[in-house]
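Computed from a predicted model, the values in this text were never measured in an experiment. In what follows, every chain begins at residue 1, and chains take the letters A, B, ... in the order their sequences are listed.
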Amino acid sequence: MSEEVAPLTGEPREGALYLAFDGWEGPLDLLLDLARRQKVDLKSIPILDLVDQYLAFIEQAEALKLEVAADYLVMAAWLAYLKSAMLLPKEEQEDPSPEELALRLHIRLQRLSAMREAAARLMGRDRLGRDVFPRGAPEGLRVERKADWQCNWFDLIQAYGQVKARGTPVVHMVRERMVMTLDAALARVSAMLGVTLDWMELREFLPDSAGDWADLRLRRSALASSFLAALELAKQGRLEITQEECFGPLRLRSIARG
Amino acid sequence: MDEPLDDVLRAVEAALFAATEPMSVEALSNHLGGVSVRPALAALAQHYAGRGVNLVERGGKWHFQTAPDLAHILRRAHEEPRRLSRAATECLAIIAYHEPVSRAQIESIRGVQTAKGTLDVLMEAGWVRVAGRRDVPGRPVIYATTQAFLAHFGLASRRDLPGIEDLRAAGLLDPVEEAYDRAAGEGGVPAAPDGASDPSSARELP
Amino acid sequence: MDEPLDDVLRAVEAALFAATEPMSVEALSNHLGGVSVRPALAALAQHYAGRGVNLVERGGKWHFQTAPDLAHILRRAHEEPRRLSRAATECLAIIAYHEPVSRAQIESIRGVQTAKGTLDVLMEAGWVRVAGRRDVPGRPVIYATTQAFLAHFGLASRRDLPGIEDLRAAGLLDPVEEAYDRAAGEGGVPAAPDGASDPSSARELP
């Protein structure tokens with residue numbers, strides 16, 4: 001930090017001079033710079049002196065017809081207010097008191113100052129790539145991902161079995177199974193209808209569940225064929241069919257021929 | 001190594017460490033303001049001789065490199081368990097039962113084309129090797145299993161692979177439909193779905 | 001150094017020489033198959049302490065780098081990194097000493113708005129990262145430093161930031177209100193009811 005406050009520099013811009021406050025990072029920074037010039041502990045800086053210096057600096061800039069950035073002017077206005085408040089007799093001072101405001105300003109200046117010094121010390125360290133250097137041409141460490149293939153004995157054998165099964169020509173053999181043909185059902189239903197004039201349920205036309213007829217598949221076949229036989233006979237006008245409810249029992253009755 | 005090191009030696013060590021390319025004696029010396037660097041190089045080479053990093057001269061230029069016996073450290077293999085695909089398992093089984101076989105034979109047995117990568121995976125796993133070429137037109141490459149294959153599956157030899165009859169007895173050769181029928185019968189599944197679609201009953205209808 | 005070196009020590013030395021990035025103890029150990037590497041790191045750090053190359057720990061990660069006193073020799077061969085602006089260095093210091101901090105907090109300390117590019121420069125350098133959002137209205141983004149920041153500035157951890165203990169003891173890292181309350185208590189100035197009239201924060205002035 002230079003002993004003197006950096007001189008005002010400006011460059012012509014549309015007739016006026018534009019004040020380039022290049023030396024400072026905002027009004028707080030300018031205040032800190034002014035405070036530092038007093039070469040006393042920041043904590044004990046007489047705030048009035050500091051305010052006067054700041055205001056004088058801004059006035060000087062304005063006298064030079066330099067354009068001053070708004071935030072510097074706002075700070076100037078605030079400092080002028082602070083100064084006037086401090087000059088008032090104690091009993092007329094408003095709340096918050098000017099001492100309180102001045103203390104806050106002190107703290108802010110100290111904090112900024114602390115960070116400025118910290119930044120300088122940080123930048124002055126032995127920095128990697130400037131003062132100390134990493135290995136120029138590291139070989140590099142590589143991690144190669146390798147698959148640990150998993151396959152067990154059963155998978156292997158099963159796979160072969162399925163390949164073999166797939167490769168063997170498939171011969172389709174129709175299994176012989178017992179059924180009641182439609183013709184048999186027609187004959188049986190016709191015969192049974194001949195002996196009664198009452199309603200009979202379709203299931204009653206099936207053979208007794210004994211011997212071969214115990215086979216569930218055969219019974220289903222008989223039921224299906226008997227149903228078809230009943231429809232056929234109804235179509236021929238030889239019987240009538242009734243069902244009182246959905247999925248209820250189907251009942252058949254012979255139509256007596258006149 | 002307890003007494004303070006010579007400045008030139010430290011400078012040479014640091015310069016070679018930070019250099020992006022191997023450096024000649026002249027380049028090093030120029031870099032360090034013209035000092036003689038040979039004694040430092042010799043001392044450093046000796047110091048690093050038994051360490052994890054060595055200082056070596058190659059074609060008149062010096063550089064640090066990983067000790068040759070530690071080269072494997074530069075590349076660490078990380079193994080991840082991965083399940084062999086269905087296709088690869090089938091190929092492996094076919095090779096094991098029919099070896100040596102060509103790719104065309106494998107394809108004819110499987111009934112589908114075999115991707116190049118499938119055999120590569122089996123070779124990467126160390127279970128299959130190229131066993132030469134068949135002496136027929138086109139001289140196709142033939143494949144066989146390896147010792148590692150036997151070891152992995154706990155087989156003393158290929159003769160320990162179950163025979164076709166064993167597979168049949170285990171039901172592994174059954175066509176899928178029969179297997180279903182049996183399962184349905186055993187499980188007491190009602191015969192309805194089966195009977196309904198049975199072609200034989202349909203054919204008897206007028 | 002004449003007796004044969006421990007294998008782990010040689011392996012750690014080789015791995016850290018070869019690594020392109022600083023390595024954590026865990027990463028090193030994993031790379032070397034799970035061995036314990038701390039004793040080797042300690043022994044190596046001691047061995048290299050007075051040499052042209054040093055083994056250092058930065059933010060929990062280890063790397064070799066040239067000795068700081070040889071900077072003048074090595075700088076010739078290396079380009080000086082781009083200089084940071086004053087705004088950027090101040091922002092970096094504020095983030096490092098106060099982290100995690102929001103942009104508003106940085107601005108309140110500096111008393112000036114922070115240009116968008118300033119934080120970008122720090123993030124591009126890899127020294128600053130977004131560390132989430134603060135759980136207050138507006139959920140502002142907060143910033144913190146990185147391991148690369150510690151490595152670049154030669155800090156083993158944030159505790160090594162120059163003067164951080166003194167600053168903390170002096171209350172200069174506390175929020176303004178806390179610092180004010182403490183100072184007000186000491187100085188006998190009545191405590192402010194709230195921060196409404198905080199000076200020099202331009203936005204709060206009429």
Side-chain angles (χ1 to χ4, degrees), chain A residues 23-32 43 70-75 77-79 81-82 94-97 99-136 138-143, chain C residues 15 17-20 23 31 54 58 63-68 70-71 74-75 78 80-81 84 86-87 89-90 92-94 96-97 108-113 151-155 161-164 167 170 172-173 176 179-180 183-184 187 189-193 196-202 205:
Chain A
W24 300 280
E25 293 270 337
L28 199 62
D29 186 33
L30 173 54
L31 264 178
L32 180 59
K43 283 183 196 162
D71 47 349
Y72 288 85
L73 294 178
V74 171
M75 175 63 93
W78 188 83
L79 289 174
Y81 162 79
L82 176 61
E94 289 180 30
D95 193 47
S97 71
E99 283 84 0
E100 192 184 317
L101 298 179
L103 178 58
R104 283 168 180 271
L105 182 56
H106 259 136
I107 292 171
R108 296 193 56 148
L109 288 173
Q110 272 180 271
R111 283 157 62 90
L112 178 60
S113 171
M115 283 303 105
R116 173 136 327 145
E117 279 163 25
R121 288 171 76 178
L122 211 48
M123 294 302 140
R125 289 184 65 84
D126 291 322
R127 289 163 57 185
L128 196 63
R130 189 189 70 168
D131 308 292
V132 297
F133 299 89
R135 181 123 183 253
E139 290 93 337
L141 295 176
R142 286 223 313 274
V143 176
Chain C
F17 253 75
T20 51
M23 290 181 86
H31 194 86
N54 305 150
R58 301 287 183 249
H63 72 272
F64 279 110
Q65 64 179 30
T66 57
L70 299 171
L74 300 168
R75 245 181 238 144
H78 295 268
E80 174 125 6
L84 283 182
R86 199 168 124 205
T89 58
E90 282 182 19
L92 181 61
I94 292 167
Y97 283 78
S108 117
I109 292 171
R110 296 190 61 229
V112 71
Q113 295 224 337
H152 182 87
F153 290 97
L155 301 163
L161 283 167
I164 192 166
L167 292 176
L172 290 173
L173 301 181
V176 174
Y180 171 79
V189 178
S197 56
D198 196 341
S200 63
S201 159
L205 290 171

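When all heavy atoms are compared, the tightest approach of C/Ala87 to A/Glu25 is CB-OE1, 3.5 Å. Nearest heavy atom pair, residue A/Ala114 against residue C/Leu167, reads CB-CD2, 3.5 Å. Scanning both residues, C/Pro162 and A/Leu122, for their nearest heavy atoms gives CD-CD1, 4.1 Å. Shortest non-hydrogen contact noted between C/Ala19 and A/Pro138 is O-CB, 3.5 Å. When every heavy atom of A/Pro27 is checked against every heavy atom of C/Gly111, the shortest pair comes out as CD-O, 4.2 Å.
Annotation: side chain of C/Glu90 is in contact with side chain of A/Leu112 (closest heavy-atom distance under 4.5 Å). For the pair A/Asp126 and C/Gln65, the minimum side-chain heavy-atom distance is 4.5 Å or more. Side-chain atoms of A/Arg116 and C/Arg86, non-hydrogen and from C-beta on, do get closer than 4.5 Å to each other. Taking the side chain as every heavy atom from C-beta outward, C/Phe17 and A/Arg135 approach each other to under 4.5 Å.
There is no contact between C/Ala170 and chain A, counting heavy-atom distances below 4.5 Å. At a 4.5 Å heavy-atom cutoff, the contact between C/Phe153 and chain A is made by backbone and side-chain atoms alike. For C/Leu161, the part lying under 4.5 angstrom from a heavy atom of chain A is the side chain only.
Of the listed residues (A/Arg111, A/Arg142, A/His106, A/Met123), the one with the most heavy-atom contacts under 4.5 Å to chain C is A/Arg111. The most heavy-atom pairs under 4.5 Å with chain A, out of C/Ile164, C/Thr20, C/Ile109, come from C/Ile109. With chain A as the partner, the residue from C/Pro68, C/Ala15, C/Ala71 showing the most heavy-atom pairs under 4.5 Å is C/Pro68.
For A/Gln110, the side chain to side chain donor-acceptor pair (under 3.5 Å) criterion is met by no residue, not counting sequence neighbours. With sequence neighbours excluded, the residues forming a side-chain contact (heavy atoms from CB on, under 4.5 Å) with C/Ala151 are A/Leu128, C/Arg58, C/His63, C/Gln147, listed by chain and number.
At distances below 3.5 Å, at least one donor-acceptor pair connects side-chain atoms of C/Thr66 with backbone N or O atoms of A/Phe133. Judged by distance alone, with hydrogens and angles left aside, the side-chain atoms of C/Arg110 form no donor-acceptor pair with the main-chain N or O of A/Asp29 at under 3.5 Å.
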Applying side-chain contact (heavy atoms from CB on, under 4.5 Å), run through A/Met115 and C/Leu173 and close with a yes or a no.
CA-CA 9 Å; A/Met115 283 303 105; C/Leu173 301 181; 3.7 Å; yes

